[in-house]
Amino acid sequence: MTMDHYISAHDAPPPSLRATGREPVGRAMGTCAAVRAALSALAPGIDWTDPAWGWLDQGEGRAQFAVGVDEPCTSIGVFIRYPGDWTDRLFADLRHSHPDWYIFDAFSGEWRHHL
């Protein structure tokens, strides 16, 4: 099983994509280095050998974090293979630590706070 998510920063919760039909544009999240540090604080063990892509192994599960190299960072792609309880904890911790970062679920086509 796979899960693809996109994270972006907004001053207010993005409206439902299904209701509006438009994807809101997020704002800067910080420098790429600051975003990598924030993700590493939430999920110690991310391998940032390639600064544009972080890799995290969780047992049989694996996550890729696409931060990119363009400054400032405006979004993060999170591509998860074999999700589990660790995935829900990661996203809950992320929202708690960064309440202005919102998670878009590419499978459902909707922001997670609307699901």
Search all heavy atoms of C73 against all heavy atoms of V35 and return the closest pair with its distance.
-> CB-CG2, 3.8 Å
Does I80 reach the side chain of W86, with side-chain heavy atoms less than 4.5 Å apart?
-> yes
Scanning both residues in full, the closest heavy-atom pair of I46 with G54 reads CG2-CA, 3.7 Å
Does D88 CG have over 12 foreign heavy atoms under 6.0 Å away?
-> yes
Are F65 and M3 co-members of a hydrophobic cluster defined by side-chain heavy atoms under 4.5 Å apart?
-> yes
Side chain to side chain, P72 and T31, heavy atoms closer than 4.5 Å = no
Does L17 offer a backbone N or O that forms a donor-acceptor pair with the side chain of E110 under 3.5 Å?
-> yes
CA sep, side-chain torsions, deciding dist, call: S16, H113, side-chain contact (heavy atoms from CB on, under 4.5 Å) = CA-CA 9 Å; S16 169; H113 62 276; over 6 Å; no
Taking the inter-plane angle between the rings of F79 and Y6 on a 0 to 90° scale, is it parallel (under 30°), tilted (30 to 60°) or perpendicular (over 60°)?
-> perpendicular
Under a single-linkage definition using a 4.5 Å side-chain heavy-atom cutoff for Ile, Leu, Val, Met, Phe, Trp and Tyr, are M29 and L42 assigned to the same hydrophobic cluster?
-> yes
Please check if the side chain of S97 supplies one atom and the backbone of L94 the other of a donor-acceptor pair under 3.5 Å.
-> no
Salt bridge between R62 and D57, side-chain N to carboxylate O under 4.0 Å?
-> yes
Residues, nucleotides or ligands: over 12 heavy atoms within 6.0 Å of D85 CG = no
Please list, chain by chain and in numerical order, all residues satisfying salt bridge (charged side-chain N to carboxylate O under 4.0 Å, His left out) with D11, sequence neighbours excluded.
-> R27
Partner residues of F104 under the ring pair (Phe, Tyr, Trp, His ring centres under 6.0 Å) criterion, sequence neighbours left out | W111
Sequence-distant partners of R81, salt bridge (charged side-chain N to carboxylate O under 4.0 Å, His left out), two or more places apart = D4
Minimal heavy-atom distance between Y82 and E60, with the atoms involved, is CD1-O, 3.5 Å
Considering all heavy atoms of both residues, which atom of A52 and which atom of V69 are nearest to each other, and what is their separation?
-> CB-CG1, 3.9 Å
Taking the six-membered ring for Trp, are F91 and H5 ring centroids under 6.0 Å apart?
-> yes
Atom of G26, atom of S8 and distance for their closest heavy-atom approach = CA-CB, 4.4 Å
Walk me through it: do V67 and W48 pass the test side-chain contact (heavy atoms from CB on, under 4.5 Å)?
-> CA-CA 10 Å; V67 173; W48 293 108; 3.6 Å; yes
Any side-chain heavy atom of P15 within less than 4.5 Å of one from R22?
-> no
Determine yes or no for a side-chain-to-main-chain donor-acceptor pair under 3.5 angstrom, with H98 supplying the side chain and D93 the backbone.
-> no
Where is the tightest heavy-atom contact between L56 and P44, given as atom of each residue plus distance?
-> CD1-O, 3.9 Å
Can you tell me if R95 uses its side chain to pair, donor with acceptor, with the backbone of W101 under 3.5 Å?
-> yes
What is the distance from atom SG of C32 to atom CG of D70, rounded to the nearest 0.5 Å?
-> 7.0 Å
Can you tell me how far CZ of R36 sits from CD1 of I76, rounded to the nearest 0.5 angstrom?
-> 11.0 Å
